Amino acid sequence: MKKIIVNTSDATCPCSLAGITSEAVNALHTVDHATGAGNDFLGWVKLPSSITEAELADIQATADSLRRDCEVVVCIGIGGSYLGAKAVIEALDNTFRSHMPSAQGNPAVLFAGQNIGEDYLAELSDFLKDKKFGIIVISKSGTTTEPAIAFRILKEQLEKQAGKAAAQKLIVAITDEKRGALRTLANSEGYKTFVIPDNVGGRFSVLTPVGLLPIAVAGHDISALTAGAAEMEKACTAENAEENPCIAYAGARNLLYRQGKKIEILVNYNPKLHYFGEWWKQLYGESEGKDHKGIFPASVDFSTDLHSMGQWIQDGERTIFETVLSVEESARTMVIPTDGDNLDGLNYIAGKRVDEVNKMAELGARIAHVDGGVPNIRITIPALTERWIGQLIYFFEKACGISGYMLGVNPFDQPGVEAYKKNMFALLAKPGYEAETAQIRQRIK
């Protein structure tokens with residue numbers, strides 16, 4: 001039976017990993033029994049197996065309504081409120097879908113509120129001027145600066161283009177159950193709403209409506225996605241590294257960290273996984289970077305970045321290790337043709353699939369990097385389908401909780417994120433920040 005496999009043979013010696021496994025199992029117990037710091041944010045642990053058919057049907061029905069009525073759906077959110085959906089959609093979509101003519105029932109899903117780029121918002125607004133579009137706005141409070149700006153601008157545009165009554169049916173809010181500015185607005189305007197669970201943090205929210213609704217709007221099977229996650233949820237309760245891939249991964253990366261490997265590079269050889277790397281970076285960076293501890297998460301797209309970052313990885317400072325995402329089967333088949341002139345010298349691989357060449361590039365790079373002193377963890381995924389992507393999401397989430405507790409931090413808070421906001425509010429003279437405004441203006445004179 002196919003499954004996601006974690007191979008640490010090129011990362012640590014088996015005897016060393018065996019010594020840290022008991023520590024990983026203890027951290028697993030801390031997650032599963034909710035006995036550690038941040039235990040009020042563990043709603044994601046049993047989320048896949050607890051999602052009901054009725055909940056999935058409600059999300060799907062809302063997605064179908066948006067798909068029927070819109071050429072474009074703009075998903076507004078930042079951090080975990082957009083990265084999970086973006087990662088899954090990019091992994092499953094046709095790469096060139098955004099360049100294809102839109103058709104009823106197949107809207108483009110675009111994103112806003114993940115930056116404060118004036119040109120980005122202006123260009124998006126221009127693009128939407130002759131489009132039938134809808135909005136999914138995601139914010140627990142409704143006051144987070146980046147998505148709040150985007151929503152204010154696009155909501156006004158939608159109401160002008162479609163009319164206020166129609167706009168009310170084309171806006172879906174995913175927010176707090178009872179509190180916050182967005183909840184108040186949604187109740188007064190009559191928007192369709194879904195709830196962000198109080199016990200699920202943003203970076204762990206992709207298997208809630210936060211991620212599931214945009215993914216369904218893009219036309220992907222959220223039932224298969226959550227079923228895959230539920231399969232991994234079950235596997236990740238085992239208390240040994242042979243059966244539980246989370247223990248193998250969390251144990252190996254913490255062992256490497258203690259040996260001076262401070263940077264983890266997530267490597268993919270399939271360009272569809274670029275945004276999966278972005279989601280992974282937030283998950284691990286925000287969860288573990290605390291108390292002056294934590295592995296720095298980076299990501300690269302190979303073989304593209306072998307022609308840029310490859311030199312540093314091969315010969316640079318030996319403070320890094322790689323985690324390679326290897327997709328076993330491509331969805332499509334492309335065979336390299338024979339050329340009579342053979343001016344490019346490629347006839348030696350004529351008749352081979354492009355993916356076979358890619359796999360040899362992967363193997364060749366892994367051997368070179370390991371020989372160059374870069375430990376490698378390899379995670380093999382059978383294919384890029386909803387089922388396996390669902391498994392991969394839950395695997396990384398559970399391993400993140402285990403790894404954070406092994407590191408000795410609270411994996412479920414993010415106190416450092418607030419520092420820039422306080423300064424930004426002071427610089428913008430936000431009401432209530434008068435003292436901070438005076439202090440920071442004195443500082444920057």
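Given the structure is predicted, the values throughout are model-derived calculations rather than measurements.
- Between Asp69 and Lys169 there is no salt bridge, since none of the side-chain N atoms of the basic residue sits less than 4.0 Å from a carboxylate O of the acidic one.
- Among all heavy-atom pairs drawn from Phe412 and Lys290, the shortest one is N-NZ, 4.0 Å.
- The closest donor-acceptor contact from the side chain of Thr193 to the backbone of Ile174 lies at 3.5 Å or more, if one exists at all.
- Taking a cutoff of 4.0 Å between a charged side-chain nitrogen and a carboxylate oxygen, Lys178 and Asp198 do not qualify as a salt bridge.
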Exercise for the section: Go through the steps to decide whether Leu66 and Ile136 satisfy the test side chain to side chain contact (heavy atoms under 4.5 Å, CB included), and finish with yes or no. Expected result: CA-CA 10 Å; Leu66 289 171; Ile136 299 170; 4.0 Å; yes
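- Taking the six-membered ring wherever Trp is involved, the centroid distance between the rings of Tyr257 and Phe321 does not fall below 6.0 Å.
- In this structure, Arg253 pairs ionically with Glu288, as a charged nitrogen and a carboxylate oxygen lie closer than 4.0 Å.
- In this structure, Glu231 pairs ionically with Arg387, as a charged nitrogen and a carboxylate oxygen lie closer than 4.0 Å.
- A distance of 10.0 Å separates NE2 in His220 from CG in Leu225, rounded to the nearest 0.5 Å.
- Residues Arg97 and Pro107 come closest through the heavy atom pair NH2-O, 2.7 Å.
- Applying the salt bridge (charged side-chain N to carboxylate O under 4.0 Å, His left out) test to pairs two or more places apart or on separate chains, none has a residue in residues 296-313.
- With hydrogens and angles ignored, the 3.5 Å screen pairs a side-chain donor or acceptor of Lys140 with a backbone N or O of Pro197.
- Annotation: side chain of His369 is in contact with side chain of Glu322 (closest heavy-atom distance under 4.5 Å).
- Between the side chains of Ser403 and Asn254, at least one donor N or O lies within less than 3.5 Å of an accepting N or O.
- Not one N or O on the side chain of Tyr284 forms a donor-acceptor pair closer than 3.5 Å with the backbone of Phe296.
- Side chain of Lys261 to main chain of Arg318: a donor-acceptor pair is present (N/O by atom type, distance under 3.5 Å, no hydrogens or angles).
- With values rounded to the nearest 0.5 angstrom, Lys281 atom NZ is found 9.5 Å from Leu83 atom CG.
- Residues Trp388 and Ala383 come closest through the heavy atom pair CB-O, 3.2 Å.
- Taking CZ of Phe302 as the start and OG of Ser299 as the end, the distance is 10.5 Å to the nearest 0.5 Å.
- No more than 12 heavy-atom neighbours from other residues, nucleotides or ligands sit within 6.0 angstrom of NZ on Lys234.
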Exercise for the section: Go through Arg378 and Ser326 one step at a time and tell me if the side chain to side chain donor-acceptor pair (under 3.5 Å) criterion holds. Expected result: CA-CA 7 Å; Arg378 187 186 185 205; Ser326 182; 3.2 Å; yes
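- Asn268 CG to Glu362 CD: the interatomic distance, rounded to the nearest 0.5 Å, is 10.0 Å.
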Donor-acceptor pairs under 3.5 angstrom involving side-chain atoms of residues 27-37: please list them, not counting sequence neighbours.
{"unit_1": "His29", "atom_1": "NE2", "unit_2": "Glu239", "atom_2": "OE2", "d": "2.8"}
{"unit_1": "Thr30", "atom_1": "OG1", "unit_2": "Asn26", "atom_2": "O", "d": "3.0"}
{"unit_1": "Asp32", "atom_1": "OD1", "unit_2": "Lys398", "atom_2": "NZ", "d": "3.0"}

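- Looking at Ile320 and Trp312, their side chains come closer than 4.5 Å, going by heavy atoms from C-beta outward.
- Atom CZ of Phe96 has 12 or fewer heavy atoms from other residues, nucleotides or ligands within 6.0 Å.
- How far CG of Asp176 is from OG of Ser141: 9.0 Å, rounded to the nearest 0.5 Å.
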Side-chain donor-acceptor pairs of residues 111-119 under 3.5 Å, sequence neighbours excluded:
{"unit_1": "Gln114", "atom_1": "OE1", "unit_2": "Ala112", "atom_2": "N", "d": "3.4"}
{"unit_1": "Gln114", "atom_1": "NE2", "unit_2": "Tyr120", "atom_2": "OH", "d": "3.2"}
{"unit_1": "Asn115", "atom_1": "OD1", "unit_2": "Gly117", "atom_2": "N", "d": "3.0"}

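- Between the side chain of Asp413 and the backbone N or O of Pro415 there is no donor-acceptor pair closer than 3.5 Å.
- Looking only at distances, no side-chain donor or acceptor of Tyr275 sits under 3.5 Å from a matching main-chain atom of Val88.
- The side-chain heavy atoms of Val172 and Phe194, taken from C-beta on, include a pair separated by under 4.5 Å.
- The local environment of NZ in Lys293 is crowded, with over 12 non-hydrogen atoms from other residues, nucleotides or ligands closer than 6.0 Å.
- Side chains of Thr208 and Ile196 form no contact here, defined as non-hydrogen atoms less than 4.5 Å apart.
- Side-chain atoms of Glu286 never come within 3.5 Å of backbone atoms of Arg203 as a donor-acceptor pair (strictly under, hydrogens ignored).
- Taken to the nearest 0.5 Å, the CG atom of Leu154 stands 9.5 Å off from the CD atom of Gln161.
- Proximity of Phe204 to Phe41: side-chain heavy atoms (C-beta onward) are nowhere separated by under 4.5 Å.
- Here the side chain of Asn106 pairs no donor or acceptor atom with the backbone of Gly219 at under 3.5 angstrom.
- A side-chain donor-acceptor contact under 3.5 Å links Glu55 to the backbone of Thr52.
- Taking the ring centroids of Tyr249 and Phe395, they lie under the 6.0 Å cut-off.
- For the pair Gln311/Asp315, a side-chain contact is recorded, criterion being any heavy-atom separation below 4.5 Å from C-beta on.
- A distance-only check finds no donor-acceptor pair linking the side chain of Glu243 to the backbone of Ala238 [under 3.5 Å].
- The number of heavy-atom neighbours closer than 6.0 Å to NZ of Lys164, taken from other residues, nucleotides and ligands shown, is above 12.
- Salt bridge present: Glu159 and Lys155 bring a charged side-chain N and a carboxylate O closer than 4.0 Å.
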Exercise for the section: Using the side chain to side chain contact (heavy atoms under 4.5 Å, CB included) rule, take Val374 and Asn376 through it: C-alpha gap first, then chi angles, then the decisive distance, then the call. Expected result: CA-CA 6 Å; Val374 180; Asn376 262 243; 4.1 Å; yes
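- Below 30°, between 30° and 60°, or above 60°: for Phe151 and Tyr191 the angle between ring planes is above 60°, a perpendicular geometry.
- Of all non-hydrogen atoms in Leu182 and Ser139, the two that sit nearest each other are CD2-O, 3.5 Å.
- Between Leu273 and Leu384, the closest side-chain pair of non-hydrogen atoms falls below 4.5 Å.
- The nearest pair of heavy atoms linking Gly277 to Leu266 is CA-CD2, 3.8 Å.
- Across all their heavy atoms, Ser81 and Ile138 have their closest contact at O-CD1, 3.3 Å.
- Using a 4.0 Å cut-off between charged side-chain N and carboxylate O, Asp355 and Lys359 make a salt bridge.
- Counting heavy atoms from C-beta on, the side chains of Ile89 and Ile215 come closer than 4.5 Å.
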